[in-house]
2 protein chains.
Amino acid sequence: MAEQVRTGKVTIRDIAASAGVSVATVSRVLNGRPDVKAATRELVLDTIRSHNFSTNRSARGLAGGKTNLVGITLPNLHAEYFALILSGAAETLYDQDVRAVVCPTLHQADREVSLLDRLMHGTTDGSLIVLPESRPELRVLARRHYPFVVVDPKEPLPAGMPGVSAAHFSGARDVMDHLICLGHRRIAAITGPSSWVASIERLHGYQAALAAYGIIAPPEWLVEGNFQIEGGYHAAQVLLALPQRPTAIFAFNDNMAVGALQAIRERGLRVPEDISLVGFDDAQSASLISPPLTTVRQPLIEMGRHAATLLLRLLDGQPAEGLRVHLATQLIVRASTAPPPAED
Amino acid sequence: MAEQVRTGKVTIRDIAASAGVSVATVSRVLNGRPDVKAATRELVLDTIRSHNFSTNRSARGLAGGKTNLVGITLPNLHAEYFALILSGAAETLYDQDVRAVVCPTLHQADREVSLLDRLMHGTTDGSLIVLPESRPELRVLARRHYPFVVVDPKEPLPAGMPGVSAAHFSGARDVMDHLICLGHRRIAAITGPSSWVASIERLHGYQAALAAYGIIAPPEWLVEGNFQIEGGYHAAQVLLALPQRPTAIFAFNDNMAVGALQAIRERGLRVPEDISLVGFDDAQSASLISPPLTTVRQPLIEMGRHAATLLLRLLDGQPAEGLRVHLATQLIVRASTAPPPAED
DNA sequence: GTGTTTTCCGATAACGGTACCGGTTACTGG
DNA sequence: CCAGTAACCGGTACCGTTATCGGAAAACAC
């Protein structure tokens with residue numbers, strides 16, 4: 001009750017002295033160990049409260065060998081995609097009283113490397129790595145038994161490396177099924193950077209569907225974008241200038257679909273009457289633009305949550321075997337797709 | 001060159017031994033102290049590299065009294081608004097080799113309190129607090145000389161408390177000027193939660209402009225929203241049902257404007273021909289919807305950057321006096337505003 | 001009443017750095 | 001040539017916890 005509002009310098013020793021026990025006992029109480037008499041525990045707890053003490057994390061980290069900190073590395077924070085993953089992860093970790101330190105790498109590989117390097121060294125207990133591109137460095141981490149889980153990793157992930165991913169392949173195939181069922185045959189795609197795992201997987205889905213229906217796609221139906229709006233815009237311009245204009249465009253994310261929509265409009269064409277348009281991600285924008293975009297919902301927040309849970313389990317000493325989560329995606333049909341215009 | 005890929009257990013003592021110097025010297029090199037001969041420094045640096053050693057943060061924190069960690073507390077991460085602020089802040093901090101630990105409070109006040117409490121205690125060197133609502137607890141932090149800066153704080157901030165804010169007031173007034181110049185007189189507003197600082201400030205700007213033009217606003221022109229899309233939707237429904245329908249609606253953020261747009265459409269009205277619509281924030285969605293939304297751009301990333309810089313300066317021991325940043329906003333006129341329809 | 005467990009708790013050595021205090025050298029200037 | 005000063009560097013006491021070990025007291029068995 002002493003209202004000891006000191007400068008925040010109360011240590012475990014002060015508590016011990018004030019409660020008339022040893023520091024060891026205080027530590028035991030702090031860590032919820034069972035071998036403390038109930039009465040003593042209460043006493044200690046009371047003194048802790050009255051001194052409003054809380055344990056120094058650095059010291060605990062040094063002594064106990066763990067920091068209660070995990071790193072979350074991701075390319076950036078302002079993109080909706082990453083922000084959502086982060087959101088799910090950080091909140092889950094927070095609930096378990098584990099702090100998350102964010103490390104935006106801005107796609108600079110050197111940063112990532114030096115980062116991972118120091119991540120392991122007493123800085124964090126483990127990491128959650130959102131790495132849309134595949135990086136061999138991960139092997140090193142794994143070899144040193146540093147606990148981490150990869151979000152959206154290259155498939156197949158080396159054995160024993162935990163990760164959570166979305167069903168890019170089947171998501172893309174769903175899109176194609178949808179378009180083909182509507183009657184489309186000339187379906188172009190605006191892909192993402194070819195180094196991105198998501199991009200590659202979606203491409204496979206696209207191609208698999210075409211193959212399944214026996215459609216032979218000329219190479220010019222494939223244009224690489226950059227997952228940004230203007231990348232989609234330019235890619236669409238290329239596609240629309242084709243002698244045999246495609247009747248549908250599958251943009252590998254919603255951003256690029258937005259850009260494509262713009263290009264289509266500028267050319268005086270209508271969506272979906274003249275040309276169908278599909279995105280991927282189900283970003284906020286997808287439902288806001290007009291026409292609302294047919295797209296594939298990815299459970300990003302869920303992915304973050306799962307990744308965090310996996311990591312937590314890993315930190316708990318459980319083996320990494322089988323810690324692989326593959327989340328389903330869902331085709332969201334909105335107004336941007338329709339049967340192709342009748343052939344003239 | 002030994003390629004010492006050990007389990008990550010290299011300590012400063014190993015380096016010292018291997019380089020044939022004392023731990024003190026290694027520590028000096030690590031901290032960039034000037035009193036080390038250049039040759040020795042190189043030698044140490046080399047050994048550090050070859051052992052790929054990096055300093056244990058916990059130990060450093062414990063010994064040196066600082067953690068190189070700052071906390072960033074904010075309501076959540078998935079809202080674009082907060083994600084952008086975080087983005088600016090985290091990246092700036094990262095560049096200065098300070099790590100950011102994110103603490104999503106999810107608006108739970110108890111969380112915030114207990115959080116701030118433990119934030120101070122050896123966990124972080126300082127904090128960046130994104131607090132759209134005003135909280136008296138901040139006083140306590142300040143009294144204990146814990147370094148922190150508040151983003152979007154209640155104005156006026158108690159003396160000596162550093163903070164960065166946007167020009168909500170003048171931003172709102174700009175909107176009103178714009179609308180009034182177009183000829184609007186019946187201008188309704190969809191406000192945010194009345195506890196939010198941003199909401200209050202914007203409201204003042206709204207009222208100030210009306211007063212300046214001698215317009216008397218009946219209370220029913222003011223409906224409270226929640227800064228979410230559906231809040232805007234419902235608020236707009238109320239406004240549109242008014243006997244004297246307003247000719248313009250000023251939604252206090254873009255989300256609500258999107259909702260309002262929906263409500264307006266459902267009622268068979270056109271924007272901007274029948275009714276003008278303005279938002280606030282310049283969120284991504286503002287430029288994507290049709291018609292593109294007239295809104296007020298807030299420099300959110302900039303705000304994060306500035307806040308981080310301020311905090312860094314604070315940690316550097318510089319006094320908090322004058323550490324107040326007030327960033328200008330900018331009216332972005334797009335297609336959602338036009339002169340009011342001719343009176344019938 | 002004597003062994004044998006349990007239960008509970010205290011003493012103390014780590015943990016991996018930093019910072020202070022001093023001690024060597026190597027230069028100065030007179 | 002020597003005192004004085006500066007530049008460098010080593011020794012070591014911390015920092016605040018946790019973990020280990022062992023001892024005292026209490027509970028139990030016989």
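Keep in mind that this is a model prediction, so the values were computed, not measured. Side-chain atoms are counted along with the backbone in the values below, which use heavy atoms only and exclude waters and symmetry mates.
Residue B/Asn31 places at least one side-chain N or O closer than 4.0 Å to OP1 or OP2 of C/dT18. Taking side-chain N and O atoms only, B/Arg33 has no distance below 4.0 Å to OP1 or OP2 of D/dC8. For A/Thr40, no side-chain nitrogen or oxygen approaches OP1 or OP2 of C/dC8 to under 4.0 Å. At least one side-chain nitrogen or oxygen of B/Ser27 sits closer than 4.0 Å to the OP1 or OP2 atom of C/dT18. For C/dG10, the OP1/OP2 oxygens have a side-chain nitrogen or oxygen of A/Thr25 closer than 4.0 Å. Using a 4.0 Å cut-off, some side-chain N or O of A/Ser22 falls inside it from OP1 or OP2 of C/dG10.
The CG atom of B/Asp35 sits 12 Å away from the P atom of C/dA19 (whole-angstrom rounding). We find that CG of B/Leu62 is positioned 17 Å from P of C/dA14, with the value rounded to whole Å. The CG atom of B/Asn68 sits 13 Å away from the C1' atom of C/dT18 (whole-angstrom rounding). Across the protein-nucleic acid pair, A/Glu42 atom CD and C/dC8 atom P stand 14 Å apart, rounded to whole Å. Atom NZ of B/Lys37 is separated from atom C1' of C/dA26 by 10 Å (rounded to the nearest Å). With rounding to whole Å, B/Asp14 atom CG is found 9 Å from C/dG16 atom P. Atom CD1 of B/Ile15 and atom C1' of C/dG17 are 13 Å apart (whole Å).
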When you look at B/Leu93 and B/Leu312, which way does the side chain to side chain contact (heavy atoms under 4.5 Å, CB included) test go after all the steps?
CA-CA 8 Å; B/Leu93 291 172; B/Leu312 250 16; 3.8 Å; yes
B/Leu77/B/Phe82 under side chain to side chain contact (heavy atoms under 4.5 Å, CB included): CA gap, chis, key distance, verdict:
CA-CA 6 Å; B/Leu77 299 167; B/Phe82 299 119; 6.0 Å; no
Checking B/Thr55 against B/Ile12 for the side chain to side chain contact (heavy atoms under 4.5 Å, CB included) test, could you report, in this order, the C-alpha distance in whole Å, the side-chain angles of both residues, the deciding distance, and whether it holds?
CA-CA 7 Å; B/Thr55 110; B/Ile12 198 176; over 6 Å; no
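Residue A/Ile12 has its side chain nearest to D/dT17 when only D/dT17, D/dC9, C/dC9 are considered. Each of D/dA19, D/dG10, C/dG17 was ranked by its minimum atom distance to the side chain of B/Arg13; first place goes to C/dG17. Here the side chain of A/Thr55 is nearest to one of D/dT17, C/dG17, C/dG10, namely D/dT17.
Proximity of a side-chain donor or acceptor of B/Tyr146 to a complementary backbone N or O of B/Gly126 within less than 3.5 Å is detected. With hydrogens and angles ignored, the 3.5 Å screen pairs no side-chain donor or acceptor of B/Ser18 with any backbone N or O of B/Asp14.
Between A/Asp316 and A/Arg313, none of the side-chain N atoms (NZ, or NE/NH1/NH2) sits under 4.0 Å from a carboxylate O, so this pair counts as no salt bridge.
Contact annotation for B/Val23: base contact, defined as any heavy-atom pair under 4.0 Å involving a base atom. Within 4.0 Å of B/Val26, counting heavy atoms only, lies no atom of the nucleic acid at all. Note on A/Arg41: nothing from the nucleic acid sits closer than 4.0 angstrom, heavy atoms only.
With the end axes of the helix from C/dG1-D/dC30 to C/dG30-D/dC1 each set by five pairs, the angle from one to the other reads 30° at 10° resolution.
Take the nearest nucleotide of DNA chain D for B/Arg28 and for A/Arg60: the residue whose nucleotide is more 5' is B/Arg28.
For A/Arg57 against D/dG16, no side-chain N or O and base N or O form a donor-acceptor pair under 3.5 Å.
Pairs engaging residues 22-43 of chain A under the side-chain hydrogen bond (donor to acceptor under 3.5 Å, both in side chains) rule: A/Ser22-A/Thr25 [sequence neighbours left out].
A side-chain contact (heavy atoms from CB on, under 4.5 Å) with A/Leu310 is found for one member of A/Val149, A/Leu128, A/Val151 and no other, namely A/Val149.
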